Engineer: 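Encoded as structure tokens, here's the structure I'll be asking about.
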Amino acid sequence: MVAAMRRVFLSFAPEDRAAAQLVEKRLTTAGARVFSDESSIVAGGDWTKQLEDSLAESDSVVVLLSNSSRRSSWVASEVQAALERKRAVLPVLLDSEARDNWLWPLLAERQGIEMKLGSPDLGRQLDAITERLRLDDPSPSASPTRNYVVAILVLSVLILSTAVMYWSQWPMAQPHEMDRKIEAELQRVRAEEADRLKRQVDAERALAEGVRLVEQGKLSEAISQYEESIRLNPESAVAHEYLGYARLRRAQIDRDARPDDVQKAIEALERAASLDQKYVWAPYNLSLAYWQAGRKNDAIAQIRRVLEIDPNFVSIISKDRQFMKFRQSRDFREMIPR
């Protein structure tokens with residue numbers, strides 16, 4: 001059962017209302033308080049403010065990703081706001097195009113749940129959503145706040161254990177000195193973790209701003225935001241991948257393109273792929289960058305890597321016009337049939 005009266009914000013496109021109603025009903029039955037625009041908006045009230053207030057008060061956000069949601073500015077805004085507020089976000093994939101969505105790279109590090117209307121396993125899929133929300137955080141790896149708190153607690157226990165050991169050996173005349181040393185060490189640990197957490201939050205904020213600028217066609221400004229995100233969090237595969245893709249797009253379409261954009265794109269995408277070998281968008285876009293640089297064999301190798309990570313990307317690649325030029329390769333045609 002979902003933790004007592006857990007507050008869940010449900011984000012979805014209007015076309016996915018039927019799926020949203022099923023999720024809301026199941027979560028409500030399990031004891032959660034669910035906010036959605038259909039069941040929770042008060043008539044005559046400020047709709048935008050009610051959405052913002054409910055998101056701020058929610059513990060978790062369930063976002064339904066689909067072909068329809070990628071066209072919804074509301075879903076995009078709600079997900080961005082949830083990430084900025086450090087809410088636990090659980091992506092639910094409704095169709096084969098759910099990952100073909102600019103939001104997916106923001107959520108790819110979280111383990112999504114597939115839900116197919118009409119599937120004989122629909123009940124089990126709804127139960128999986130409920131079970132994930134039963135936990136304190138549906139995506140522990142995506143919640144730095146929880147990790148940092150745990151780290152502080154572990155370090156505190158270690159420090160206190162060490163203190164107890166020395167305390168038993170030192171003369172009783174020295175307890176106050178030991179107290180001061182313990183407190184000083186705890187303060188140092190807290191300060192370091194607080195600084196690390198702030199950098200993580202600022203990095204994600206810069207990343208979200210870069211996404212917004214790309215949507216506006218401001219690639220150079222977006223690149224600056226992605227570089228700032230990487231400066232704050234150098235180990236983010238998503239930030240490196242976004243930077244690489246933005247540089248590649250600037251090289252292809254922007255009059256402000258620089259001669260080294262393609263090479264810089266390759267370097268950023270290679271870094272993303274090395275940081276997270278399961279992050280499918282890194283080899284996906286790296287294949288495009290290699291092809292742009294004339295490294296066609298390397299490009300085809302990256303397509304193979306994409307399909308090793310997720311065979312479902314055959315349909316995504318086949319629909320992406322950026323790969324039309326790849327069809328001159330027999331290896332590509334064998335991997336990606338029309």
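Remember, predicted model here, so these are calculated numbers, not experimental data. Computed from heavy atoms alone, side chains included, the values below leave out hydrogens, waters and symmetry copies.
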Engineer: First locate atom CE of M115, then atom CG of L93, and finally report the distance between them rounded to the nearest 0.5 Å.
Structural biologist: 11.5 Å
Engineer: Can you establish whether the number of heavy atoms outside R333 located under 6.0 Å from its atom CZ is more than 12?
Structural biologist: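 Atom CZ in R333 is crowded, with more than 12 foreign heavy atoms closer than 6.0 Å.
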Engineer: Decide whether Y242 and I230 are clustered together by the hydrophobic rule: side chain heavy atoms of Ile, Leu, Val, Met, Phe, Trp, Tyr closer than 4.5 Å, transitively.
Structural biologist: yes
Engineer: Any link between I303 and L269 through a network of hydrophobic side chains (Ile, Leu, Val, Met, Phe, Trp, Tyr) touching at under 4.5 Å?
Structural biologist: no
Engineer: Do the non-hydrogen side-chain atoms of V280 and R99 ever get within less than 4.5 Å of each other?
Structural biologist: no
Engineer: Identify the heavy atoms of F326 and A299 that sit nearest to each other, and give their distance.
Structural biologist: CE2-CB, 3.9 Å
Engineer: Run the side-chain contact (heavy atoms from CB on, under 4.5 Å) test on V214 and L219 for me, step by step, so that the C-alpha distance in whole Å, both residues' side-chain angles and the decisive distance to 0.1 Å come before the verdict.
Structural biologist: CA-CA 5 Å; V214 166; L219 294 172; 4.3 Å; yes
Engineer: Quick one: do I336 and V306 end up in the same hydrophobic cluster if we chain Ile, Leu, Val, Met, Phe, Trp and Tyr together by side-chain heavy atoms under 4.5 Å apart?
Structural biologist: yes
Engineer: Set out, in order, the CA-CA distance, both residues' side-chain angles and the distance that settles side-chain contact (heavy atoms from CB on, under 4.5 Å) for I266 and Q263, then state yes or no.
Structural biologist: CA-CA 5 Å; I266 289 174; Q263 181 56 38; 4.3 Å; yes
Engineer: Calculate, to the nearest 0.5 Å, the distance between atoms CD and CD1 belonging to E131 and I113 respectively.
Structural biologist: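 It comes to 9.5 Å.
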Engineer: Got a second to check how far L248's CG is from L243's CG, nearest 0.5 Å?
Structural biologist: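 Between L248 CG and L243 CG, I get 11.0 Å after rounding to 0.5 Å.
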Engineer: For D127, what residues pass the salt bridge (Lys or Arg N to Asp or Glu O under 4.0 Å) criterion, not counting sequence neighbours?
Structural biologist: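 Checked D127 against salt bridge (Lys or Arg N to Asp or Glu O under 4.0 Å); matches are R26.
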Engineer: Only one of I129, L27, L117 passes side-chain contact (heavy atoms from CB on, under 4.5 Å) with L22; say which it is.
Structural biologist: L117
Engineer: Using only heavy-atom distances, determine whether the side chains of Q302 and Y290 contain a donor-acceptor pair under 3.5 Å.
Structural biologist: no
Engineer: Find the distance between CZ (F332) and OG (S318) and round it off to the nearest 0.5 Å.
Structural biologist: 8.0 Å
Engineer: Could you tell me which non-hydrogen atom of V61 sits nearest to which non-hydrogen atom of A82, and how far apart they are?
Structural biologist: CG2-CB, 3.7 Å
Engineer: Is any side-chain heavy atom of I300 less than 4.5 Å from a side-chain heavy atom of W291?
Structural biologist: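 A side-chain contact exists here, since the closest heavy-atom pair is under 4.5 Å.
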Engineer: Determine which pairs satisfy salt bridge (Lys or Arg N to Asp or Glu O under 4.0 Å) with at least one residue from residues 283-304, sequence neighbours left out, and list them in order.
Structural biologist: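 Pairs touching residues 283-304 that pass the test: R295-D298, R304-D331.
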Engineer: Nearest 0.5 Å, please: how far is CD in E97 from OG in S68?
Structural biologist: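 Interatomic distance, S68 OG to E97 CD, rounded to 0.5 Å: 9.0 Å.
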Engineer: Going by side-chain contact (heavy atoms from CB on, under 4.5 Å), name the residues that satisfy it together with S236, two or more places apart in sequence or in a different chain.
Structural biologist: N233, V238, A239
Engineer: So, S229 side chain and Q225 main chain: donor-acceptor pair closer than 3.5 Å or not?
Structural biologist: no
Engineer: Restricting to side-chain contact (heavy atoms from CB on, under 4.5 Å), what partner residues turn up for A208, sequence neighbours left out?
Structural biologist: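 With neighbours one apart ignored, the set is Q80, E84.
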Engineer: Which distance, rounded to the nearest 0.5 Å, do you find between the CD of Q292 and the CG of N285?
Structural biologist: 12.5 Å
Engineer: For A98 and L65, which heavy atoms make the closest approach, and how far apart are they?
Structural biologist: CB-O, 3.4 Å
Engineer: Please name all residues satisfying ring pair (Phe, Tyr, Trp, His ring centres under 6.0 Å) with Y284, sequence neighbours left out, ordered by chain then number.
Structural biologist: W281, F313, F323
Engineer: For residues 110-131, pull every pair meeting ring pair (Phe, Tyr, Trp, His ring centres under 6.0 Å), keeping only residues two or more places apart or in separate chains.
Structural biologist: none
Engineer: Under the salt bridge (Lys or Arg N to Asp or Glu O under 4.0 Å) test, which residues partner R305, sequence neighbours left out?
Structural biologist: E308
Engineer: Which pair of heavy atoms, one from L10 and one from E24, lies closest together, and at what distance?
Structural biologist: CD2-CB, 4.1 Å
Engineer: Residues two or more places apart in sequence or in another chain: which of them pass side-chain contact (heavy atoms from CB on, under 4.5 Å) with R124?
Structural biologist: D121
Engineer: Would the distance check show the side chain of D95 and the main-chain N or O of N67 forming a donor-acceptor pair, the cut-off being under 3.5 Å?
Structural biologist: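 Yes, because the side chain of D95 sits within donor-acceptor range (under 3.5 Å) of the backbone of N67.
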Engineer: Which residues satisfy the side-chain contact (heavy atoms from CB on, under 4.5 Å) test with A246, sequence neighbours excluded?
Structural biologist: I223, Y226
Engineer: Under 4.5 Å between side-chain heavy atoms, hopping through other hydrophobics if needed: is there a path connecting L83 to L213?
Structural biologist: no
Engineer: Check the surroundings of atom NZ in K325: do more than 12 heavy atoms from other residues, nucleotides or ligands lie under 6.0 Å from it?
Structural biologist: yes
Engineer: Starting from I316, can I reach Y245 by hopping between I/L/V/M/F/W/Y residues whose side chains sit under 4.5 Å apart?
Structural biologist: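 No, it is not one cluster - the side chains of Y245 and I316 are not joined through contacts under 4.5 Å.
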Engineer: Any chance you could lay out the side-chain contact (heavy atoms from CB on, under 4.5 Å) test for R7 and F35, step after step, and finish with the verdict?
Structural biologist: CA-CA 8 Å; R7 298 164 296 185; F35 177 88; over 6 Å; no
Engineer: The criterion is salt bridge (Lys or Arg N to Asp or Glu O under 4.0 Å); which residues satisfy it with R231, sequence neighbours excluded?
Structural biologist: E228
Engineer: Linking Ile, Leu, Val, Met, Phe, Trp and Tyr through side-chain heavy atoms less than 4.5 Å apart, which residues share a cluster with L275?
Structural biologist: none
Engineer: Keeping to residues at least two apart or across chains, list the salt bridge (Lys or Arg N to Asp or Glu O under 4.0 Å) pairs with something in residues 260-277.
Structural biologist: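 Checked against salt bridge (Lys or Arg N to Asp or Glu O under 4.0 Å) - neighbours excluded - the pairs reaching residues 260-277 are E235-R271, R247-D261, R250-D261.
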Engineer: Going through the checks in order, is the salt bridge (charged side-chain N to carboxylate O under 4.0 Å, His left out) test met by R205 and D202?
Structural biologist: CA-CA 5 Å; R205 184 176 292 114; D202 290 344; 3.0 Å; yes
